Structures are given as C-alpha cells and as structure tokens.
Amino acid sequence: MLINLWYVVMPSAQLTDGLAPVQLLGQPFVAFRDEAGHARLLSDICVHRGGSLSAGGKVGATVQCPYHGWRFGADGRCSHIPAQPEARVPVKARVDAYPTVERHGWIWAFLGDLPEAERPPLPALDWVDDPNVRVVAGHFDWDASWDRVMENGLDFAHAPFVHGSTFGDPDHPEIAAFEVQRDTWGGQAQMLMRRPVRKGWLRRRPTGEHVEVATVPGYHFSGPCATLHLTPRPGWTIHIVSAHVPVAANRTRTWWMMGRTFLRSPLFDRRTIASNLRIFEQDHEVLRKVRPERVPDTWQQEVSVKSDGLQIAFRQRLRELEQRGWRIDEARLAREFTGRTACVVPGPERREGGAWAIETIPLVALDPVTPA
C-alpha cells in the first residue's frame, strides 16, 4: 500500500450531514461536510485519549470527540477543550487533515504530505458527466489485495476461462500482439477481444459464432483506477472505471461506474448492474485464493509473457513509486505499532514542521546508495 496518491473515499451522494467512518490503507479516517458543504477528511484518532472522532458528532463547523468533547475543525486543529474552556489550546492538539476534491460523482482524498504541485492528476473520466451516456454505479468488496485486483482488470488472457459464461470465449483464448502506451501516472493498450455471440433474453445460449470487439483497458494510480473502453458494435460505446481502494493489506473496496451510449433507458440499469457484479464475483472466486496474496516483489517469483504487457507496465511503475519511499512498512506496522502506538498517514501540514502528538505511519526504507 502506498501513500502520496489520490484515493476514492466514497460517492459524493453518500456523504450527507453526519460523520462517516472510512478505512483506507489500513487506517481510520472520518469524512464530513463543512458548513459550506465541502467534503473534508481527517484522521480518526483524537490526540487527547485516542477517541474515535467518527463516533462523535458535528458541532457547527467542527467534529466533536465523543470521549471528552474536544472539537476539531476542517484543518485538523483543536478549537475547544470543554474541561478547560478558558485555557490556551496546546499546539500539538491537532489531527492530520487531507486535501479533497469532488469530481465525477466521487470524493477523492490525497493521502500523503506532498505539496500540491507534486501531486498526481486525477484520471480523465469526462464521460461520467456526459448527458449522452447512461451511467450506473456501485461497489464490490474483495478478500484480495488492491494490486492483485488492479492487475486482474488489466488482464484479458483470463477472460475466456474465468468469464466463459458471461463475455469470454473459451474457444478463442488467443491474445493478438499489442503495444502499451504509458505516461507518468498510467498506461493503456488497444486490444481486440473475441466475444461469443449468444441467443435468448439473458444471452446465455452460445451460437458458436463470435465477434471481435475493440477494447482499450488501462490503469491510473489515482483512485487507483482500472479503466476500460469497449466498442461492441458501430456507434455503441461502453465505459467502465473501477477505483480499487486498499482498505487493508488483503482487503479491497472497488467503487465502480459503467456508462453506455446505447439502450439508455433506466429499464436496462438493473440488468447492467447485475452483469457487472457477476463478473466481479467470478474474478473474486479466483483472486481470494491467489498465492502469494500480494503482487510479488521480484520478477523471478512468477513467469510473465508478452500478453501480460499491461500488467508488467503497471508493476514497473508500482515499483518506481515504492522506490520513492511511499510504501507502507506493513511488517513494522504490525510489529511495533498495532495495539501499542497510534500512527497516521501524514498530511501536507506535516511538511511545515511543528509539534505533532501522533507518529506518522512507518514506510519501507529506501535502499542505501552504494558509493561508486
């Protein structure tokens, strides 16, 4: 799991007037709306005696801890201590606050301490706001790590075998050669997918025929998102984005949206949602049994071939970000912190220095540079 990336917290519509507990990167957060209606995110650990802020309540523009009533503003600073209302609030009486953006129907939060100019962009999802695209959305919970789930979404060689009863063609599993286009924060590839032609209202009876579908899978580290664009027939387009958010080491919540430029009546929504969830369920049956549970650290532990090109590009960029010192040290976290010492993902204000009561989450140390 990585810090210094944008993560999808939840759909905007789900955050109303109250407090919402959220778990990301194995850590607790509290989401709420300020008096202007803007989404905010704070660390969910009161610096006084460790109370859960999300179990408290909102008082004006502040979040009030349920334990002793300390109040924290959207900037994370304590503004009121009921037991000593006239005393000066200690400088260390603050919790980490994180930048948030609401776009494309989701609340995004930057979990890290990078200055604004160095943060990655959000993925381009303009189709979500296009009135000519009918969008449905939902979520899916996995007993699998986010990186395994992400790679699964980029892997079309598994479709004939895992999704043979939905959209895969087990009689034509071949993957034609393709090139991966990369940029700083993502990548994509143009592929041709063979889809079996089926009959009947539920399209479950194969006819023995197949059609080729232009397909563009991709990934972006903000979200982190797997994207997919399909052209099932001339004039028809399907857009899919899945934000695979690490809840914990081997638990992932996927917030997904699917848009279609055809059959835009709401009458087709239920079937579209059911089909998408069925695909996730088929993938889950495989991923929850994959070993090791996480993407291996070295290439030698698994065998890759040319059809794995998009996953390889994702792994290479993942390793580059880890080498920046952004990877959470889960072993040290479990050994030295869990149940003993509170820690948090550092927010941007940490870069300004000053006193803080709670330690930052441990990160994997960079390999020392050997002198030439």
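The shown structure was predicted, so the numbers you read here are calculated from the model rather than taken from an experiment. Residue numbers run from 1 in the order of the sequence given.
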Go through Ser145 and Asn250 one step at a time and tell me if the side-chain hydrogen bond (donor to acceptor under 3.5 Å, both in side chains) criterion holds.
-> CA-CA 4 Å; Ser145 67; Asn250 295 319; 4.7 Å; no
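- The stretch residues 34-54 participates, sequence neighbours left out, in these ring pair (Phe, Tyr, Trp, His ring centres under 6.0 Å) pairs: His48-His68, His48-Trp70.
- Taking the six-membered ring for Trp and thresholds of 30 and 60 degrees, Trp236 and Phe262 have nearly parallel ring planes, at less than 30 degrees apart.
- Side chains of Phe110 and Pro120 form a contact here, defined as non-hydrogen atoms less than 4.5 Å apart.
- Partners of His239 by ring-ring contact (aromatic ring centres under 6.0 Å, His included), not counting sequence neighbours, listed by chain and number: Trp127, His229.
- Taking a cutoff of 4.0 Å between a charged side-chain nitrogen and a carboxylate oxygen, Glu330 and Arg294 qualify as a salt bridge.
- The pair Glu322-Arg315 fails the salt-bridge criterion, with no side-chain N (NZ, NE, NH1 or NH2) lying under 4.0 Å from an Asp/Glu carboxylate O.
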His244/Thr254 under side-chain hydrogen bond (donor to acceptor under 3.5 Å, both in side chains): CA gap, chis, key distance, verdict | CA-CA 4 Å; His244 300 307; Thr254 293; 2.7 Å; yes
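- Put simply, the side chain of Met258 does not reach to within 4.5 Å of the side chain of Val135, judged on heavy atoms.
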Might you work through the side-chain hydrogen bond (donor to acceptor under 3.5 Å, both in side chains) test for Gln316 and Arg182, ending with a clear yes or no?
-> CA-CA 11 Å; Gln316 289 174 335; Arg182 311 189 199 194; 2.6 Å; yes
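- In this structure, Asp44 and Leu53 approach most closely via the heavy-atom pair OD1-N, 2.7 Å.
- Using a 4.5 Å heavy-atom cutoff, the side chains of Glu179 and Gln190 are not in contact.
- Checked against Tyr98 for a ring-ring contact (aromatic ring centres under 6.0 Å, His included), the options Trp6, Phe29, Trp108 give a single hit: Phe29.
- Annotation: side chain of Trp185 is in contact with side chain of Arg317 (closest heavy-atom distance under 4.5 Å).
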Check step by step if salt bridge (charged side-chain N to carboxylate O under 4.0 Å, His left out) holds for Asp269 and Arg260.
-> CA-CA 10 Å; Asp269 288 354; Arg260 61 186 189 274; 2.8 Å; yes
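- The pair Arg350-Asp113 fails the salt-bridge criterion, with no side-chain N (NZ, NE, NH1 or NH2) lying under 4.0 Å from an Asp/Glu carboxylate O.
- At most 12 non-hydrogen atoms from other residues, nucleotides or ligands lie less than 6.0 angstrom from CZ of Arg270.
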Show every donor-acceptor pair shorter than 3.5 Å between a side-chain atom in residues 286-293 and any protein atom, with sequence neighbours excluded, or say none if there are none.
{"from": "Arg288", "atom 1": "NE", "to": "Glu285", "atom 2": "OE2", "distance (Å)": "3.4"}
{"from": "Arg288", "atom 1": "NH2", "to": "Glu285", "atom 2": "OE1", "distance (Å)": "3.2"}
{"from": "Arg291", "atom 1": "NH1", "to": "Lys289", "atom 2": "O", "distance (Å)": "3.4"}

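- Within a 6.0 Å radius of CZ in Arg335, other residues, nucleotides and ligands contribute more than 12 heavy atoms.
- The aromatic rings of Phe221 and Phe314 lie parallel to each other, their planes meeting at an angle below 30°, with 60° marking the opposite boundary.
- Here the rule is ring-ring contact (aromatic ring centres under 6.0 Å, His included) with Phe140, and of Trp255, Phe280, Trp256 only Phe280 fits it.
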